[in-house]
Amino acid sequence: MHSTETRISRKQSGAATWTLDDLDRLSAHYGIPVPDLVAGVDRAIHCLPARRRVPLPGAAQLTINP
């Protein structure tokens with residue numbers, strides 16, 4: 001695993017702490033204000049721009065009828 005991937009994995013698992021710079025970079029990357037980013041997963045996903053979201057399993061899908 002690449003060094004950066006290892007650091008991110010450790011932060012995601014809680015084995016390492018996020019810095020304010022990390023939060024600023026994540027906020028800019030995802031387009032989510034820092035307070036919404038740290039308010040919890042549900043809030044962060046809700047604030048995620050639609051273009052960044054992956055459709056949920058079972059979500060409406062386009063079907064083509066013959």
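Note that the numbering runs from 1 along the sequence shown for the chain.
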Test side-chain contact (heavy atoms from CB on, under 4.5 Å) applied to A28 - qualifying residues, sequence neighbours left out: none
Side-chain donor-acceptor contacts of residues 41-49 below 3.5 Å, not counting sequence neighbours, with atom names and distances?
| unit_1 | atom_1 | unit_2 | atom_2 | d |
| --- | --- | --- | --- | --- |
| R43 | NE | D36 | OD1 | 3.0 |
| R43 | NH2 | D36 | OD1 | 3.3 |

Expected list for residues 20-27: side-chain donor-acceptor pairs under 3.5 angstrom, two or more places apart:
| unit_1 | atom_1 | unit_2 | atom_2 | d |
| --- | --- | --- | --- | --- |
| D22 | OD1 | K11 | NZ | 3.3 |
| D22 | OD1 | T19 | OG1 | 3.4 |
| D22 | OD1 | R25 | NH2 | 2.8 |
| D22 | OD2 | K11 | NZ | 2.5 |
| D22 | OD2 | T19 | N | 2.9 |
| D22 | OD2 | T19 | OG1 | 3.1 |
| S27 | OG | I32 | O | 2.5 |

Could you give me the CA-CA distance, side-chain angles and deciding distance for R7 and T4, then say whether side-chain contact (heavy atoms from CB on, under 4.5 Å) is met? CA-CA 5 Å; R7 284 186 297 225; T4 301; 3.1 Å; yes
Treat each ILVMFWY residue as a node, draw an edge where side-chain heavy atoms are under 4.5 Å apart, and state whether W18 and Y30 are in one component. yes
